[in-house]
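All residue numbers refer to positions in the sequence shown, counting from 1. The basis for the numbers below is simple: all heavy atoms, side chains too, and nothing from hydrogens, waters or symmetry mates.
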Amino acid sequence: MPPTPPPQRALVVLLLSNISELDDPSYLQPAVSRGAQNAGSLLRIRVLSPLLSGKDAIPPAAYWSEVQNILNVLYAQATAVSQASDNVLMDVEVLFEDVTSDPQRHSSISWDYVLVQEPSTEEEARTITQQVPWTYDTIKLSPPPSASAALKQAEKPSNYPVVALGGTFDHLHAGHRILLSMSAWIATRKVIVGMTDDALLQRKTNREVMEPLPVRVDRVKSFLELFKPGLEFDLVPIVDVCGPTGWDPDIQALVVSKETLNGASTIAKTRQEKSLPPLEPFVIEVISPAASIVASDDPSLLRETKMSSTFIRQWIVDKRQRGESSITNDEANPEEPEKQLPGGWIEGDSTQ
């Protein structure tokens, strides 16, 4: 009798109900690890929380760092497990959902493994009953003690109608999804994504395994629609140095990763020269499979240590060269340093 193949699609359901749990989400890591160990092609993590989604959600601008840290911890843990098991191409999706959301939107996928955080209150037990109509395992987690705390108030607006970001988004991975998620989280009407056009990527290393623009656009849009249904998503191929931030007056915020922060200053200068409204910059910390935040201000070090599309393409090529695929790469282009386009949109793997 042949061995049973490992599960391919795993769903993890987590509960986050107290604001004190935002301060240290590391207690969620065991659930993520078990889910990733039982996943092959897809790991989806549903964070059920009235704090992060719904009419009573916390003000995004005030809790930008805390919510980004939740994503960093969950994605870094899942990526560490997938890379340790040499399953680099496993898709990981972290979603914020209200406890009253419709679980049927996840029923189009036949889940091979479902793991649920063990409820600690009757209310959480009712939530699980309503939100998990599948057979599941449970895992007991130890969140920090509940503590009452007043909501923080941000000096800047809580939300922004239109938010912009840019990058290549080749082989969509955890770093990309954090950037996209945080952009959608603070937007109330539309997210504009500048996508580096194929014509600008001809000299990238292992170009032959890079995803073409239509594939990259489709994957980014599909994830955004899954993460925050109801928003408008405008994915624009970059054909000039600034992208839409260079001419569109109807943008209020710009999300950039830490190693491309200088680009925000260039965009600000360009918009000032054109008498366009200034943009509020929001910064995404760089993460790696070994750390939820890479503590460095050196852009070159950040590019070397973070999750990267360059790493994924090299992994694919190495697999092929070892005979694990019929395609080999005998003449990969030499690696070039990252090049930031004027205006802050990034050529190549800026967002990895």
* **Same apolar cluster: Trp111 and Val116, side chain cutoff 4.5 Å** => yes
* May I ask you to test the Leu226-Arg105 pair for a side-chain heavy-atom distance under 4.5 Å? => yes
* Asked: Say you draw a straight line from CZ of Arg177 to OH of Tyr75; how long is it, rounded to the nearest 0.5 Å?
  -> 5.5 Å
* To do: Determine the minimum heavy-atom distance between Asp197 and Pro237, stating which atoms define it.
  => OD2-CB, 3.9 Å
* To do: Report yes or no: do Val132 and Leu28 belong to one cluster of Ile/Leu/Val/Met/Phe/Trp/Tyr joined by side chain heavy-atom distances under 4.5 Å?
  => no
* To do: Establish, from distance only, whether the side-chain atoms of Gln29 and Ser26 form a donor-acceptor pair under 3.5 Å.
  => no
* Asked: Ignoring hydrogens and geometry, is there a side-chain-to-backbone donor-acceptor pair from Gln272 to Pro278 under 3.5 Å?
  -> no
* **Under 3.5 Å donor-acceptor, Thr138 side chain and Glu118 backbone** => no
* Should Leu141 and Leu71 be counted in the same cluster of Ile, Leu, Val, Met, Phe, Trp and Tyr side chains packed under 4.5 Å apart? -> yes
* Do any N or O atoms from the side chain of Trp185 and from the backbone of Leu52 form a donor-acceptor pair under 3.5 angstrom? -> yes
* Qualifying salt bridge (Lys or Arg N to Asp or Glu O under 4.0 Å) pairs with a residue from residues 19-30, counting only residues at least two apart or across chains -> none
* Look at the side chain of Asn87 and the backbone N and O of Gly40, then say whether any donor-acceptor pair between them is shorter than 3.5 Å. => yes
* To do: Answer yes or no: is there a donor N or O on one side and an acceptor on the other, between the side chain of Tyr27 and the main chain of Pro144, under 3.5 Å?
  => no
* Would a 4.5 Å heavy-atom cut-off, applied to side chains only, mark Val12 and Val32 as touching? -> no
* Would the number of heavy atoms belonging to other residues, nucleotides or ligands and lying under 6.0 Å from CD of Glu225 be above 12? -> yes
* Structure fact -> Rounding to 0.5 Å, atoms CG (Leu95) and OG (Ser53) come to a distance of 10.0 Å
* Structure fact -> Rounded to the nearest 0.5 Å, the CE atom of Met182 sits from the CD1 atom of Ile284 at a distance of 5.5 Å
* Non-hydrogen side-chain atoms of Val220 and Met195 separated by less than 4.5 Å -> yes
* Smallest separation among heavy atoms of Lys190 and Asp234, with atom names -> CD-CB, 4.2 Å
* So, the side chain of Asp112 versus the backbone of Arg9: is there a donor-acceptor pair under 3.5 Å, distance only? -> yes
* Asked: Should the heavy atoms of other residues, nucleotides or ligands under 6.0 Å from CD of Gln104 be counted, would the total exceed 12?
  -> yes
* To do: Considering non-hydrogen atoms only, spot the tightest contact between Leu16 and Ser49 and give its length.
  => O-OG, 2.6 Å
* Asked: Are the side chains of Asn18 and Pro143 in touch, meaning some heavy atoms are under 4.5 Å apart?
  -> no
* Can you name the closest pair of heavy atoms from Leu48 and Ser101 and give their distance? -> CD2-OG, 4.4 Å
* To do: Decide whether a cation-pi geometry holds between Arg219 and Phe169; the criteria are a distance under 6.0 Å from NZ or CZ to the six-membered ring centre and an angle within 45° of the ring axis.
  => no
* Pick out which of Val317, Ile316, Asp318 makes a side chain to side chain contact (heavy atoms under 4.5 Å, CB included) with Arg320. => Ile316
* What heavy-atom pair brings Leu42 and Met90 nearest, and what distance separates the two atoms? -> N-CG, 4.0 Å
* Asked: Would you say Val81 and Tyr113 are hydrophobically clustered, going by side-chain heavy atoms of ILVMFWY under 4.5 Å?
  -> no
* Would you indicate whether the side-chain heavy atoms of Val283 and Gln68 approach each other to under 4.5 Å? => no
* Side-chain heavy atoms of Pro103 within contact of Gln130, under 4.5 Å -> no
* Asked: Can you check side-chain contact (heavy atoms from CB on, under 4.5 Å) on Leu11 and Tyr136, steps first, answer last?
  -> CA-CA 9 Å; Leu11 178 67; Tyr136 59 85; over 6 Å; no
* **Smallest separation among heavy atoms of Phe223 and Leu172, with atom names** => CB-CD2, 4.2 Å
* To do: Show your reasoning for whether salt bridge (charged side-chain N to carboxylate O under 4.0 Å, His left out) applies to Lys319 and Asp86.
  => CA-CA 10 Å; Lys319 285 278 188 180; Asp86 200 30; 2.6 Å; yes
* Structure fact -> To the nearest 0.5 Å, atom OG of Ser183 lies from atom CG of Leu254 at 8.5 Å
* **Arg271 side-chain N/O to Thr245 backbone N/O, donor-acceptor pair under 3.5 Å** => yes
* Between the side chain of Ser82 and the main-chain N/O of Thr79, is any donor-acceptor distance below 3.5 Å? -> yes
* Asked: Out of curiosity, Glu211 CD to Ser309 OG, how far, rounded to the nearest 0.5 Å?
  -> 8.0 Å
* Can any side-chain N or O of Gln83 pair as donor or acceptor with the backbone N or O of Val88 at less than 3.5 Å? -> no
* Taking the inter-plane angle between the rings of Trp134 and His106 on a 0 to 90° scale, is it parallel (under 30°), tilted (30 to 60°) or perpendicular (over 60°)? -> perpendicular
* Under 4.5 Å between any side-chain heavy atoms of Thr127 and Leu15, yes or no? -> yes
* Asked: Between the side chains of Ser120 and Glu124, does any donor sit under 3.5 Å from an acceptor?
  -> yes
* No-hydrogen, no-angle side-chain donor-acceptor test under 3.5 Å, Ser85 and Gln37 -> no
* Asked: Run the side-chain contact (heavy atoms from CB on, under 4.5 Å) check on Val13 and Gln131 step by step: do they pass?
  -> CA-CA 9 Å; Val13 181; Gln131 289 292 327; 5.5 Å; no
* Please step through side-chain contact (heavy atoms from CB on, under 4.5 Å) for the pair Val255 and Trp64, ending with a clear verdict. => CA-CA 11 Å; Val255 178; Trp64 172 267; 4.1 Å; yes
* Val256 and Ile267, any side-chain heavy atoms less than 4.5 Å apart -> no
* **Stepwise salt bridge (charged side-chain N to carboxylate O under 4.0 Å, His left out) check, Glu93 with Arg44** => CA-CA 5 Å; Glu93 302 167 341; Arg44 180 173 295 176; 2.8 Å; yes
* Asked: If two hydrophobic side chains count as joined below 4.5 Å and joins carry through other members, does Val163 share a cluster with Leu224?
  -> yes
* Asked: For the atom pair CG (Leu165) and OG (Ser257), what is the distance rounded to the nearest 0.5 Å?
  -> 10.0 Å
